[in-house]
Amino acid sequence: MAATVAAIALKRSGVSPAVEANEARQWFKGNTHTHSLWSDGNDFPEMIVSWYQERGYDFLALSDHNVLSRGDRWMPVAAVEKRRKVEGTGTMEKYREAFGDPWVETRGDPGQQEVRLKTLAEIRPRFEAAGDFLLIEAEEITDRFRNHQVHINAINLDEVIPPQGGDSVVETMRNNLRKVKEQSERLDRPILTHVNHPNFHWSISPQDLAEVVEEQFFEVYNGHPGINHLGDAERPGDETIWDIANTLRLLTHKAPPLFGVATDDSHYYHGGNVSPGRGWVMVRAEKLEADALITAMERGDFYASSGVVLEDVAYDRTTRTHQLRIQPADGVTYETRFVGTRISSPEDPGAVLATISGTNASYQLTSDDLYVRAVVTSSRAHPNPSYKDQREQAWTQPVGWRE
Ligand SMILES: [Zn+2]
Ligand SMILES: [Zn+2]
């Protein structure tokens, strides 16, 4: 009810309701793509949650392949240790040290020992605190059409969704999304989906992403080093894919553009190159609850980041101006590129419409601009890069496309 109180106070002081709405909202940092021992990650879910919580994340979705962390699951200790892949302190030893012997459940004779993986329901009380930290149940629906990997994260679901298959990439996406929608409606809960790493095995084309207009989100950055984020000489990178798909959506399919998320897709937590902390979303929501976060993201009130922090992002519909303010860091410079497609040249999707240096940047759309989005690039190298020469960045959502 804090929002109502704020609204009344602000109305009395003469501030418009539009301003009030943003005043009542806060930024929440979260990662929606994480793997654990429940599928092919190499640490216990509670170790992973600790990692994120200690680093100031507000929410986290553990999203294992085709499984929810529910039920009775035992895993050989030897298999847990083998997953680590690097020398050093054992996974079990670190686990015992962090959570204590009474928490760790094992069975079987030495040499044949198994450890029980805790469920999400069991670990929630150790981490969650209202308004402070939130775990959202999730699954990476991991499907394929021939050699095309079709992976879609479903966030805030309540029942596992097995991969649905299909006779094309588009149909495979559609069949899985239909299943998510069916669950969302039946259980009356919002479930957010995002299509993952389209360039993983060069699986999903911009045309596929454009055509599946029932999907609203995709990963514009994923921290896994094997997902071909930058594309190659013949094939576009994730950012260009975004602009091609959005141009097709707006001009051909008469559908809203995709919004872009950044995620970790972390698998390894003991060293190695598929590690956590590379990409996340900042969501401006009324409160730290799954419903509010999903509502805010559907509204487009969030940005993707691999290190750059924005103090504010805005779009003024009356003046058609997109603006942002970057949180400065000592000795770091920033370049903001405003990227969009000109209606007069749809064959050039994702053109750079303006480039601005500094911590404040704005762009006023012309009547020829189909949409605009901003990408901020820092002079600072990414502290844990997923590709060579990576800099810290932030990506805002496309604006200016609504009537
Ligand atoms: Zn995946
Ligand atoms: Zn994944």
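Just so you know, ligand 1 is whichever comes first in the structure, and atom 1 is the first atom listed for that ligand. Excluded from the calculations below are hydrogen atoms, water molecules and symmetry mates; all remaining heavy atoms, backbone and side chain alike, are included.
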Between CD of E215 and CE of M173, what distance do you get to the nearest 0.5 Å?
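Nearest 0.5 Å value for the CD-CE distance: 8.5 Å.
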Report the protein N/O/S neighbours of the Zn ion (ligand 2) that fall below 2.8 Å; do not count waters.
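Less than 2.8 Å away from the Zn ion (ligand 2) sit H33 NE2, H35 NE2, E140 OE1, D265 OD1.
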With a 6.0 Å cut-off on ring centres, are W401 and Y315 close enough?
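Aromatic pair excluded; centres sit 6.0 Å or further apart.
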Test: R55 cationic atom under 6.0 Å from W280 six-membered ring centre, within 45° of axis:
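Checked: cation-pi criterion not met.
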What do the steps show when you test F302 against V261 for side-chain contact (heavy atoms from CB on, under 4.5 Å), and what is the final call?
CA-CA 9 Å; F302 73 102; V261 301; 3.8 Å; yes
Check each of S386, S266, P225 against V274 using the side-chain contact (heavy atoms from CB on, under 4.5 Å) test, and report the only one that passes.
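Only one option passes, and that is P225.
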Qualifying residues under side-chain hydrogen bond (donor to acceptor under 3.5 Å, both in side chains), relative to T119, sequence neighbours excluded:
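Counting only residues at least two positions away or on another chain, T119 forms a side-chain hydrogen bond (donor to acceptor under 3.5 Å, both in side chains) with E122.
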